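First comes the structure, then the notes that go with it.
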Amino acid sequence: LQQASADAGITDIYDDEIAKASDRRTMLSSRIRALQSEVARHDDAAQRELAFHEIVEISIERFWDQEDRIINQLLFRLMGNRRFIVEDGQIIGIADAPNRNRRS
């Protein structure tokens, strides 16, 4: 209401302030997205480190004696979307798992 009834000089000031606030909002939104992405990467790294320490604590030999569910959960936390490449019963590498939701 004040802007609508103000003279042209005041209207320009309002327009400038609104534009500046919009620019600040855009920058802050961008910064929030960047920080959220960084936190997610740190969370993944923390989960990997925790899983690694859990495996070390129970030892590699005893790790494979765990229930399949426990093994799968620890491996998923450790490796994320990556899987072992096995050939002739030997692990020969690691690669990203195929996307099962992908349609041909």
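Values in this document were obtained by computation on a predicted structure and should not be read as measured data. Residues: numbered from 1 along the sequence shown.
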V86/I92 under side-chain contact (heavy atoms from CB on, under 4.5 Å): CA gap, chis, key distance, verdict: CA-CA 6 Å; V86 178; I92 61 170; over 6 Å; no
For L75, side chain to side chain contact (heavy atoms under 4.5 Å, CB included) partners two or more places apart: F63, W64, I71, M79, F84
Taking every non-hydrogen atom, the tightest pair across L74 and A51: O-CB, 3.8 Å
Results of salt bridge (Lys or Arg N to Asp or Glu O under 4.0 Å) for E17 - residues two or more places apart only: K20
Set of side-chain hydrogen bond (donor to acceptor under 3.5 Å, both in side chains) partners for R82, sequence neighbours left out: D96
Hydrophobic cluster partners of F76 (side-chain heavy atoms under 4.5 Å): none
Residues which pass side chain to side chain contact (heavy atoms under 4.5 Å, CB included) with N81, listed by chain and number, not counting sequence neighbours: R83, A97
Any pair counted as side chain to side chain donor-acceptor pair (under 3.5 Å), so long as it reaches residues 66-78, sequence neighbours left out: Q47-R77, E54-R77
Acceptor/donor pairs from residues 21-34 side chains to any protein atom, 3.5 angstrom cut, sequence neighbours excluded:
residue	atom	partner	partner atom	Å
T26	OG1	S22	O	3.0
S29	OG	R25	O	3.0

Gap between atom CG of D65 and atom CD1 of I60 - 0.5 Å precision: 11.5 Å
side-chain contact (heavy atoms from CB on, under 4.5 Å) between I55 and L78, worked out: CA-CA 9 Å; I55 292 169; L78 183 66; 3.9 Å; yes
